[in-house]
2 protein chains.
Amino acid sequence: MSSLRDVAERARVAVSTASAALNGTRPVAAATKRRIEQAAAELGYRPNVLARGLVSKRTRILALLFPAPHSGFGLTEMQFATAAAEAAKERGYHLLLSPEHDDPVEELRYLTGLGLVDGVLVMEVKLADERTEWLAEAGVPFSMIGRTGEPDAVDHADIDFTRMAADAVAHLAGLGHRSMAFFNHAIGAYSAQYGPAIRAGAEFAAAAGEAGLGYVGDLRASTADEGREAFERLVAAHPEVTALAVMSDQAAVGVIAAVAERGWQIPRDLTLMLVLSSARVAEMFHPRLTTLEPPSAELGRLGAGMLIDRLEDGDGEPRQRLVPCRLVVGDSSATPRNPESEAAR
Amino acid sequence: MSSLRDVAERARVAVSTASAALNGTRPVAAATKRRIEQAAAELGYRPNVLARGLVSKRTRILALLFPAPHSGFGLTEMQFATAAAEAAKERGYHLLLSPEHDDPVEELRYLTGLGLVDGVLVMEVKLADERTEWLAEAGVPFSMIGRTGEPDAVDHADIDFTRMAADAVAHLAGLGHRSMAFFNHAIGAYSAQYGPAIRAGAEFAAAAGEAGLGYVGDLRASTADEGREAFERLVAAHPEVTALAVMSDQAAVGVIAAVAERGWQIPRDLTLMLVLSSARVAEMFHPRLTTLEPPSAELGRLGAGMLIDRLEDGDGEPRQRLVPCRLVVGDSSATPRNPESEAAR
DNA sequence: TACGTTTTGCGAAACGTTTCGACAAGCCAA
DNA sequence: TTGGCTTGTCGAAACGTTTCGCAAAACGTA
């Protein structure tokens, strides 16, 4: 690989002049500049990232903190990563995929100590997150996909949960439903702190109340078995419910099976929609399920973009974006079976 | 961040001695070594990757070439990436997620010219792949997840397609089926060169022949509509078929819908199995589908491991591994409806 | 013609490592 | 005591950039 020195020799200038010309950091006479650029082109010169980073303290490398799959990874997490990598690439940055294990903070200490990365992208953020706390304290630039309970002035891109719940409720109410149930993720060691579960739960309750819908919100399921069981409990306690919103696609499998076992049909007897599952997954069900698709790629893109903005523009007001979900209507949405007498069913 | 110089000062030795002690590249007196190590620990010293890479020409960074999603990415591709990152991390390496666009070779030229990566991990390898050709020619160390048509001496980890087809056929034959159909991926610009589609097609035909099963292998579908249509064609032309193996989960959605529309049931009237879909996806269907789950994580791990071996041990015989799939039996497999008279059905 | 000012280019230092030749000290045999 | 080895440590150079003080050249003005 040819170095800047080769370029300088070929253009018959000093190395420093070549550097200035190529980076535009100092004025260089037009003719000289042209000569240097041509020499660089002819040699196929590529600046060495390491040498550059060593002196400039900027590597243009971002790290994406990738949590160990806690509950089976989905397309969503995947899209964060690919979209972030794409966005980074477009702006001349690189993305390091950095898996996390038992001791995220120690690993973070190691990772940032390497002098390899300019900033960190954090995903699967918990309401109280030791990683973001450490990063803030250590003064390492970072942005979040998701957000902590008190994101204050921290850059982040997250789902607009308020709008998501409102959209879902509007969809159901628009079809004539008067009563709905929300199946949240199961309470686990993880989801106890998991922002999306908590925010979605709160926002659904609020949106249903706002719209005057009956609301059952204490159901929790993350597996097919749990979904089945939760559904049975629901039917026993709240037979008036005609519409279901389910967070976990795994749970939906169980719910649908339980519905079928009763001889009921979707959407004739019950409307069912997924929440925060990709359309690709939703259409794998039969019937194709309605879903509120998370803007995963958009979040990944935004997260990376914000971090780069921060790195380049230095400080400034916090960059924070809430992005709505996309409602993809499938074949699982319909008017309630008997709107008039539902309460008496 | 403290540098090697700080460590050396604190331990009252020369920088070069500190380096030797910490890396073990030269003998250092035990007492001195201890002093240096302690100083390093006290300062929380982390060697700077850039400085080290600049002189040693080794960064311990691997790039994973990530193709632009051609037909919607699945869990499989995701697992390559995460497993490769994990494996790399365990051996002290980092993984760069490097998206590809229109001109893979030019991008590769750029990427490797940066001096940032020691080696490249290539996935979604086509039978004739310009990327691997370029890499080989340029002398850049690389390994493949998948393989070209003539992998010769190139390191790779791939699915054992022969075994996969044999396992599938054995499963179906074991249930009593005498005739099967294989739904391959649709012929697209991409899949025309796509190893898995081509290898699976060939191996299924061979395995069915070997086992003495009737075989229909000219069906192709990658979407629900195509799946539905292909199924109708199959029923019209080959009513004797009692077992289906489907490559695309999207196509399976269509097939299943078409089956249901005829009033048939799986597995009562027809056995259906997925090929190269994860169990997580397979159990999203109703009934839960049998699947031959690809060893994605294993392939990612192996691919990274091989590359690192090559980087560290220098040359040696090619490292090549074929890994079998895992048969996960769901509720979609059963004995044929009427084994005796199937040909007359 | 001389002087101040601007433009243009140069050289050296620095970034934090690794590598390697040199050399002082210690030891043993002659 | 000398000479030859071994062991342990040091200093300097190198990797490929960027940065920055300086000086040479070019220009305009008095």
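Protein chains get the first letters and strands the later ones, always in sequence-line order, with residue 1 at the start of each. No experiment lies behind these values; they were computed from the predicted model shown.
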- Query: Is any side-chain N of the basic residue among A:E106 and B:R46 closer than 4.0 Å to the acidic one's carboxylate O?
  - Reply: yes
- Presence of donor-acceptor pair under 3.5 Å, side chain of A:R26 and base of D:dG21: yes
- Message: Could you tell me how far apart A:L22 (CG) and D:dG16 (P) are, to the nearest whole angstrom?
- Response: 16 Å
- Item | Closest nucleotide among C:dT17, D:dC15, D:dT17 to the B:K57 side chain | D:dC15
- Item | B:D118 side chain to B:T59 side chain, donor-acceptor N/O pair below 3.5 angstrom | yes
- Query: To the nearest Å, how far apart are A:R52 CZ and D:dT19 P?
  - Reply: 9 Å
- Query: Looking at A:S19, does any N or O in its side chain come under 4.0 Å of the phosphate oxygens OP1/OP2 on D:dT18?
  - Reply: yes
- Query: Any donor and acceptor pair, going by atom type alone, linking the side chain of B:N48 with main-chain N or O of B:L50 inside 3.5 Å?
  - Reply: yes
- When rounded to whole Å, the CD to C1' distance for the pair B:E9 and D:dC10 reads 15 Å
- Query: Quick one: the side chain of B:R5 and the base of C:dT17, do they pair up donor-acceptor inside 3.5 Å?
  - Reply: no
- Message: Could you measure the distance from the CG atom of B:L311 to the OH atom of B:Y93? Nearest 0.5 Å is fine.
- Response: 5.0 Å
- Task: Give the rounded distance in Å between these two atoms: NZ of B:K33 and C1' of D:dT9.
- Result: 15 Å
- Could you tell me whether B:V49 contacts a base, only the sugar-phosphate backbone, or nothing, with contacts defined as non-hydrogen atoms closer than 4.0 Å? nothing
- Message: Taking the nucleotide of DNA chain D with the nearest heavy atom to each, does B:L54 or B:T17 sit closer to the 5' end?
- Response: B:T17
- Task: Measure the distance from CZ on A:R34 to C1' on C:dG9 and round it to the nearest whole Å.
- Result: 17 Å
- Has B:R321 got more than 12 heavy atoms of other residues, nucleotides or ligands less than 6.0 Å from its CZ? no
- Message: Can you tell whether the side chains of A:E298 and A:R301 come within less than 4.0 Å, N to carboxylate O?
- Response: yes
- Query: What is the distance from CG of B:L116 to P of D:dG16, rounded to the nearest Å?
  - Reply: 15 Å
- Query: When you match A:M1 and B:P27 each to their closest nucleotide on DNA chain D, which lands nearer the 5' end?
  - Reply: B:P27
- B:N23 CG - C:dT19 P separation (whole Å): 8 Å
- Query: To the nearest Å, how far apart are A:L4 CG and C:dG11 P?
  - Reply: 14 Å
- Given D:dG11, C:dG16, C:dT18, which nucleotide is nearest the side-chain atoms of B:S3? C:dG16
- Would you tell me if any nitrogen or oxygen in the side chain of A:S56 comes within less than 4.0 Å of OP1 or OP2 on D:dT18? no
- From D:dC15, D:dT17, D:dT9, nucleotide with atom closest to A:V55 side chain: D:dT17
- Which of the following nucleotides, D:dG16, C:dT18, C:dG16, is nearest to the side chain of A:N48? D:dG16
- With a non-hydrogen cut-off below 4.0 angstrom, is A:R46 in contact with a base, only sugar-phosphate, or nothing? sugar-phosphate
- Message: Applying a 4.0 Å non-hydrogen cut-off, can you work out what A:S16 is touching in the nucleic acid: base, sugar-phosphate, or nothing?
- Response: base
